[in-house]
Amino acid sequence: MNKILWVDDEIDLLKPHIMFLTSKGYEVATSNNGYDAVDMLSSESFDLVILDEMMPGMTGLETLPLIKAAHPSLPVIMVTKSEEENIMDKAIGSKIADYIIKPVNPNQVLLAIKKSLHSAQLVTERTTADYRSEFGRIAAQQQSASTFADWCALYRKIVGWEIELSSSSDASIREVLTYQKNEANQEFSKFVRRNYFNWINQRGEESDIPVMSHTLMRRRILTDVEEGGHTTLLLIDNMRYDQWRTIEPMLRGYFDISTDDFYCSILPTATQYARNSLFAGLMPLAIDRLMPDKWLNDNEDGGKNMYEEEFLRRLITQSGRKLKLSFDKLVRPEAGRRLLDNMQRIYDADFSVIIYNFLDILSHARTETDIIRELTDDEAAFRSLTRSWFEHSELYTLLRLLSERGHRVIITSDHGTIRVDNPVRVTGDKETSANLRYKTGRNLAYNSRDVYEVTRPEDVQLPSGRLTSSYIFAYNRDFLVYNNDANRYIRYYKNTFQHGGISMEEMIVPYAVLKPKKR
């Protein structure tokens, strides 16, 4: 039972209100002056105070700071006869939970109490009820999804509910949503398997072929650059849509979100493939054939993303555009600080590109570091850590500066990541790639029902490395482990975030265009 202290110099006239609250399950104690109220709060525990603003002796506004000094988290509802703005400014500045204008009625008081004491519970109950009613509609939307745009709309809705329900105390409803998301990912995997060959080879209706990594620069980014004047492309490696949703509200004070959309990452959904393709405007096979000295296969030593700026300059030249380009890749925090000290060249550029690798580093750190695993125990915690990082990062400062200078910003990623929990066993020779979400090699052995297999890499515009090499891709939350010492690998990698395979989280990549607010 919640205990309330009601402070009013005319408390005897409020007995009907007090009886009403008692009938609703609240215990109500009373005081007719601020001095006694402060004494009562020092000797008894209360959940909420209702405080009259106009009292003889010590007024409510004089009593309020004494209450807050001793009990800073105790919610206080102010009752006042006056609607004068300066009085309410003083009360709100002293952090009241709510206020009521006299004459009050019982339901008005009850609503203010519920807002102050039970808002989280009420929101949870309402949100849970809303999702239960939405469950069937999501299932129907999944059954009817036949295009990439359909799957984007479904993924947007599922992520929205994930965020809404993340603070719910109802664990069972979160389990239902997790089940529904897994089911959707299974169907999405089948959808990709049916359509990926046609997408890559431009077969079928043009409207059915999504914008993909190798077409994003030509079809979207460079077009947006031409329309927007000074534009900065911010590519946050490994960023999923739910993480974008986490940081997006922090930017609304500086930018208007003019585009909030998606594109489709190519396979493998890994930096080596997806990001090189994005900047080159080419599939990996074409990069390998046209610039063989600038493409390294999985089994070759060396940096796999060393020529992105060169790829982009080549693409801009081929497109016939003349753009003053600035290009930065930030891997360590000190690189971000150095960039902030040298912002003028970004301001001066027609098109500036900033690659930020923090989320990719965080995903790998979660696999390798126990403390990061504990801090990101589930998806909601991973989103929370993303927001905390962003709020205190040089990147947030950089975006505020760009807004002040009137720069348009494009925010996207090269691929997403998924939390894996279901091992799928494969075998291969020593040349087989190490990635847990895809593998390429000459002598792969696996159950073909468990993976998306590409036995002729050139069919989906991938280099084979060797003539007999093939690719396999994991679905949904699967991860690929070797039979040798499999149990140790399963224990180590289960519930870690990985990328390279087929899932909504990895392939449906956020793409947002931000226009600076006019000041």
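From a predicted model like this one, the values you see are computed outputs, not experimental measurements. Residue numbers start at 1 and run along the sequence shown.
Although no hydrogens or angles enter the test, the distance criterion places no donor-acceptor pair under 3.5 Å between the side chain of E53 and the main chain of K81. In this structure, the side chain of S403 does not engage the main chain of P516 through any donor-acceptor pair within 3.5 Å. Although no hydrogens or angles enter the test, the distance criterion places a donor-acceptor pair under 3.5 Å between the side chain of S393 and the main chain of F390. Side chain of T80 to backbone of I101: no donor-acceptor contact under 3.5 angstrom is found. Using modelled atom types, no side-chain atom of K329 and backbone atom of V353 make a donor-acceptor pair closer than 3.5 Å. Without hydrogens or angle criteria, S166 side chain to I163 main chain gives a donor-acceptor distance under 3.5 Å. Checked by atom type and distance alone, the side chain of T63 pairs as donor or acceptor with a backbone atom of T59 at under 3.5 Å. Within the 3.5 Å criterion, the main-chain N or O of T271 finds a donor-acceptor partner in the side chain of N305. The backbone N or O of F351 lies less than 3.5 Å from no partner atom in the side chain of T231, so there is not a single donor-acceptor pair. The closest donor-acceptor contact from the side chain of N476 to the backbone of N182 lies under 3.5 Å.
Residue-environment remark: OH (Y489) stays at or below the threshold of 12 foreign heavy atoms within 6.0 Å. More than 12 heavy atoms of other residues, nucleotides or ligands sit less than 6.0 Å from atom CE of M250.
The shortest non-hydrogen separation linking L5 to M40 is CD1-CE, 3.7 Å. For the residue pair R477 and R437, the shortest heavy atom distance occurs at C-NH1, 4.1 Å. In terms of heavy-atom proximity, K68 sits nearest to V76 at CE-CG2, 4.3 Å. Nearest heavy-atom pair, N495 versus D421, reported as atom, atom and distance to 0.1 Å: OD1-CB, 3.8 Å. Contact between D47 and L117 at its shortest, heavy atoms only, is O-CD2, 3.5 Å. Annotation for E506 and V509: closest pair O-CG2, 3.9 Å, computed over non-hydrogen atoms.
Taking the side chain as every heavy atom from C-beta outward, L514 and Y254 never approach each other to under 4.5 Å. In this structure, the side chains of S213 and Y263 come closer than 4.5 Å at one or more pairs of heavy atoms. The shortest distance between side-chain heavy atoms of I354 and I346 falls below 4.5 Å. Proximity of L323 to L325: side-chain heavy atoms (C-beta onward) are nowhere separated by under 4.5 Å. You'll find the side chain of I50 reaches within 4.5 Å of the side chain of I113, heavy atoms only. F188 has its side chain out of reach of L154: every pair of non-hydrogen atoms, C-beta onward, lies at least 4.5 Å apart. The side-chain heavy atoms of R408 and D224, taken from C-beta on, include a pair separated by under 4.5 Å. Within the 4.5 Å cutoff, the side chain of M239 has heavy atoms near those of the I411 side chain.
Within the structure, the side-chain hydrogen bond (donor to acceptor under 3.5 Å, both in side chains) test picks out the following pairs touching residues 21-31 (sequence neighbours left out): Y26-H118.
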Evaluate side chain to side chain contact (heavy atoms under 4.5 Å, CB included) for L235 paired with L278, printing each intermediate quantity in order.
CA-CA 11 Å; L235 190 146; L278 190 155; 3.9 Å; yes

Set out, in order, the CA-CA distance, both residues' side-chain angles and the distance that settles side chain to side chain contact (heavy atoms under 4.5 Å, CB included) for E308 and F327, then state yes or no.
CA-CA 9 Å; E308 292 155 323; F327 196 99; 3.9 Å; yes

Worked verdict on Q142 versus W151 for side chain to side chain contact (heavy atoms under 4.5 Å, CB included)
CA-CA 8 Å; Q142 175 186 311; W151 281 103; 4.0 Å; yes

Which is it for L234 and L398 under the side chain to side chain contact (heavy atoms under 4.5 Å, CB included) test, yes or no, and what are the steps along the way?
CA-CA 10 Å; L234 175 60; L398 184 146; 5.8 Å; no

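At a cut-off of 3.5 Å, with distance as the only test, no side-chain donor of T246 or R387 sits close to an acceptor on the other residue. With hydrogens and angles left out, the side-chain atoms of N185 and E505 include a donor and acceptor closer than 3.5 Å. Between the side chains of T127 and D130, not a single donor N or O lies within less than 3.5 Å of an accepting N or O. When only modelled atom types and interatomic distance are considered, N238 and H415 share a side-chain donor-acceptor pair under 3.5 Å.
Classification of the Y356-W389 ring pair by plane angle, with boundaries at 30° and 60°, yields tilted.
Under the 4.0 Å criterion applied to side-chain N and carboxylate O atoms, E162 and R245 are not assigned as salt-bridge partners. The pair R252-E248 counts as a salt bridge, with a side-chain nitrogen and a carboxylate oxygen less than 4.0 angstrom apart.
I266 contributes atom CD1, which lies 10.0 Å from atom OG1 of T215 (distance to the nearest 0.5 angstrom). In this structure, S326 OG and H230 NE2 are separated by 12.0 Å, a value rounded to the nearest 0.5 Å. Interatomic distance, E164 CD to Y131 OH, rounded to the nearest 0.5 Å: 13.0 Å. Taking CD1 from I508 and OG from S265, the interatomic distance works out to 11.0 Å, rounded to the nearest 0.5 Å. Of the inter-residue distances, the one linking L401 atom CG with L340 atom CG reads 6.5 Å to the nearest 0.5 angstrom. From F148, atom CZ reaches atom CG of D150 across 11.0 Å, with rounding to the nearest 0.5 Å.
No cation-pi contact links R275 to F279, judged by a cut-off of 6.0 Å to the six-membered ring centre and 45° from its axis. Remark: R220 is positioned above the aromatic ring of Y511, its terminal NZ or CZ atom under 6.0 angstrom from the ring centre and at most 45 degrees off the axis.
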